[in-house]
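The structure under discussion appears below in the form of structure tokens.
In what follows, chains carry the letters A, B, and so on, assigned in the order in which the sequence lines appear, proteins first and then strands, with residues in each chain numbered from 1.
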Amino acid sequence: AQSVAQPEDQVNVAEGNPLTVKCTYSVSGNPYLFWYVQYPNRGLQFLLKYITGDNLVKGSYGFEAEFNKSQTSFHLKKPSALVSDSALYFCAVRVNSNSGYALNFGKGTSLLVTP
Amino acid sequence: GAVVSQHPSRVICKSGTSVKIECRSLDFQATTMFWYRQFPKKSLMLMATSNEGSKATYEQGVEKDKFLINHASLTLSTLTVTSAHPEDSSFYICSARAGSSYEQYFGPGTRLTVT
């Protein structure tokens, strides 16, 4: 089955420091990978995706992610964290659902950026 | 662009009643819409996929007679929770995809509380 795993429930980082939110995938074939962010009581906002091409993908709000095939990882990164980055982050992979392509989400990682 | 709205954002209903949640794509035509359910501090669970003009396809374990989905137009899908019970209380999120696009655009979610 196509799936992603987020090994950390929570990541804490001080404002201004670099942040990494981890994601590993288990996929047969070429993975289509996504990162989304969710603020409290809100829907998900798209950050970035990897389909093909450059392994380093740049997305919204200064986030980027590196696709690493040998480590089957797609970690989300940002060079300098902001307090406003505090939110719930989901990694996702495109899968075949009963009706076509859908997304399988990781369990989510809560990011807390402290001033 | 790519804005998806949901209405209502929050609803409280009594056990045994039915509740309808609307999902609209405001600035694009959504050939496919997805309905997810999210429990507190948990990931999103795909409930069903609806394609405009056809019946929804439900994921395993989701009762189609309880969660009625209608995708009557390219900009509107509705989820009706019939004969609601307290265990149906959850955060329901819809997403929409245009054509063969890889990206899904998420609505802000609907908080359903059944008393």
If Ile, Leu, Val, Met, Phe, Trp and Tyr residues are connected whenever their side-chain heavy atoms lie under 4.5 Å apart, and connections chain through other members, are [X] and [Y] in the same group?
X      : Y       : answer
I69(B) : L76(B)  : no
F74(A) : Y61(A)  : yes
L68(B) : V114(B) : no
V57(A) : L19(A)  : yes
F90(A) : I51(A)  : yes

Any chance you could measure R94(A), atom CZ, to Q104(B), atom CD, to the nearest 0.5 Å? 10.5 Å
How long is the gap from OH on Y36(B) to CG on L44(A), to the nearest 0.5 Å? 9.0 Å
If you count heavy atoms of other groups shown closer than 6.0 angstrom to [atom1] of [X], is the number above 12?
X       : atom1 : value
K107(A) : NZ    : yes
Y39(A)  : OH    : yes
K66(B)  : NZ    : yes

Residue, of T110(B), V4(B), T32(B), L44(B), that accumulates the most heavy atom pairs under 4.5 Å with chain A: L44(B)
Is the backbone of G106(A) close enough, under 3.5 Å, to the side chain of S43(B) for a donor and an acceptor to pair up by distance? yes
Tell me the residues of residues 83-93 of chain B whose non-hydrogen atoms fall below 4.5 Å from those of chain A, in number order. F91(B), I93(B)
Under 4.5 Å from any heavy atom of chain B - which part of [X]:
X       : result
Q45(A)  : neither
F105(A) : both
Y36(A)  : side chain

So, do L88(A) and Q38(B) sit near enough that their side-chain heavy atoms are less than 4.5 Å apart? yes
